[in-house]
Amino acid sequence: MAGKSIVVTSGKGGVGKTTTVANIGTALAKKGFRVVLVDADIGLRNLDVVMGVENRIVYNVVDIIEGNCRMEQAMIRDRKLTNLYLIPAAQTREKDAVNPEQMKDLCAQLLESFDYVIMDCPAGIERGFKNAIAGADTAIVVTTPEVSAIRDADRVIGLLESNLLTNIHLIVNRMNYRMLRKGDQMSTEDIVGLLSVPLLGVVPESEEVLVSTNRGVPLVHNRGSHAGTAFQNIAARLDGENIPIESDNHAGLMGKIKRFIWS
């Protein structure tokens with residue numbers, strides 16, 4: 001298969017982009033694909049911590065682009081999977097240390113050796129965002145069922161489309177089904193209706209996420225994790241498998257929130 005270059009993004013920070021990158025990438029690697037994760041959040045790297053390789057960093061993505069090392073020297077192989085790699089972000093450089101054309105060239109080089117290149121996009125819509133989307137052919141927008149996160153996701157989707165990146169998918173993260181049943185949270189159907197992009201998956205709220213992050217072991221390694229299973233299903237859908245997405249079919253607070261978002 002031709003390699004796929006995927007950027008995982010959102011308008012709002014703290015919605016779970018980095019956790020999503022780690023788990024989708026790990027799940028795809030467990031399926032046998034060669035996967036490289038690229039932390040594009042220059043100045044504020046976190047993907048190495050979530051993957052549990054923070055003590056093994058020697059070079060970073062800026063070092064590759066500036067020619068300070070070979071690409072292979074900056075790649076950190078996963079502790080469990082030999083076909084999964086991470087290229088960390090530079091922690092002591094500014095986002096303008098890299099430009100979109102350089103990131104585009106880097107992705108093209110990586111796609112010569114990998115089935116999936118997955119980029120962790122920084123929050124916001126400035127230079128870091130433009131760098132991260134430059135080499136992508138697919139975008140995954142992550143949101144939580146919160147008004148501010150959904151409104152920011154809508155803004156990001158518009159920016160992706162204006163940059164001619166039209167293969168866009170949505171992940172709803174931290175879905176709290178107890179709140180949903182009480183009518184205190186927007187439903188998946190409501191969110192998809194507002195954002196008008198295909199739904200790739202829904203990840204339930206889970207304390208396991210914090211535990212896995214602290215341990216540096218993605219949830220997809222835990223067979224008993226509902227959130228981990230959700231990420232595995234998302235990865236399978238990216239690979240073309242037809243796995244139904246659980247539907248909630250609850251009305252939530254649609255009317256009031258819709259008026260607030262677009263008023």
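Nothing here was measured: the structure is a model prediction, and the numbers come from that model. Only this structure's heavy atoms are used, side chains among them; waters, hydrogens and symmetry mates stay out.
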From [atom1] ([X]) to [atom2] ([Y]), nearest 0.5 Å:
| X | Y | atom1 | atom2 | value |
| --- | --- | --- | --- | --- |
| Tyr177 | Gln185 | OH | CD | 9.0 Å |
| Arg174 | Thr143 | CZ | OG1 | 10.5 Å |
| Asp39 | Ile87 | CG | CD1 | 10.5 Å |
| Glu146 | Met186 | CD | CE | 11.5 Å |

Item to check | Worked check of ring-ring contact (aromatic ring centres under 6.0 Å, His included) between Phe114 and Phe33 | outcome: CA-CA 8 Å; Phe114 289 91; Phe33 295 108; over 10 Å; no
Checklist entry - Is it true that Arg77 and Glu72 have a side-chain N and a carboxylate O under 4.0 angstrom from each other? => result no
Checklist entry - So does Glu66 pair up with Arg93, basic N to acidic O under 4.0 Å? => result yes
Checklist entry - Cluster question for you: counting only ILVMFWY and a side-chain heavy-atom cut-off of under 4.5 Å, with indirect links fine, are Ile243 and Leu170 together? => result no
Next on the checklist: Hydrophobic cluster membership, with links at side-chain heavy-atom distances under 4.5 Å among I/L/V/M/F/W/Y: are Leu219 and Val35 in one?
Outcome noted: no
With a 3.5 Å distance limit and no angle check, can you tell me whether [X] reaches the backbone of [Y] through a side-chain donor-acceptor pair?
| X | Y | result |
| --- | --- | --- |
| Asn173 | Val15 | yes |
| Asn163 | Leu159 | yes |
| Asn46 | Thr18 | no |

Next on the checklist: Please determine whether side-chain contact (heavy atoms from CB on, under 4.5 Å) holds for the pair Leu86 and Val36, giving the CA-CA distance in whole Å, both sets of side-chain angles, and the decisive distance to 0.1 Å.
Outcome noted: CA-CA 6 Å; Leu86 165 69; Val36 59; over 6 Å; no
Next on the checklist: Between Leu110 and Met119, is the side-chain contact (heavy atoms from CB on, under 4.5 Å) condition met? List the steps.
Outcome noted: CA-CA 12 Å; Leu110 291 170; Met119 287 163 288; over 6 Å; no
Checklist outcome for this item: Between Arg237 and the options Leu199, Asn242, Ile245, the side-chain contact (heavy atoms from CB on, under 4.5 Å) test singles out Ile245
Checklist outcome for this item: The salt bridge (Lys or Arg N to Asp or Glu O under 4.0 Å) partners of Asp120 (sequence neighbours excluded) come to none
Checklist entry - Is there side-chain contact between Thr9 and Ile140, with at least one heavy-atom pair below 4.5 Å? => result no
Item to check | Donor-acceptor pair between Asp190 and Ser187 side chains, under 3.5 angstrom | outcome: yes
Checklist entry - Side-chain donor-acceptor pair under 3.5 Å between Asn167 and Thr138, yes or no? => result yes
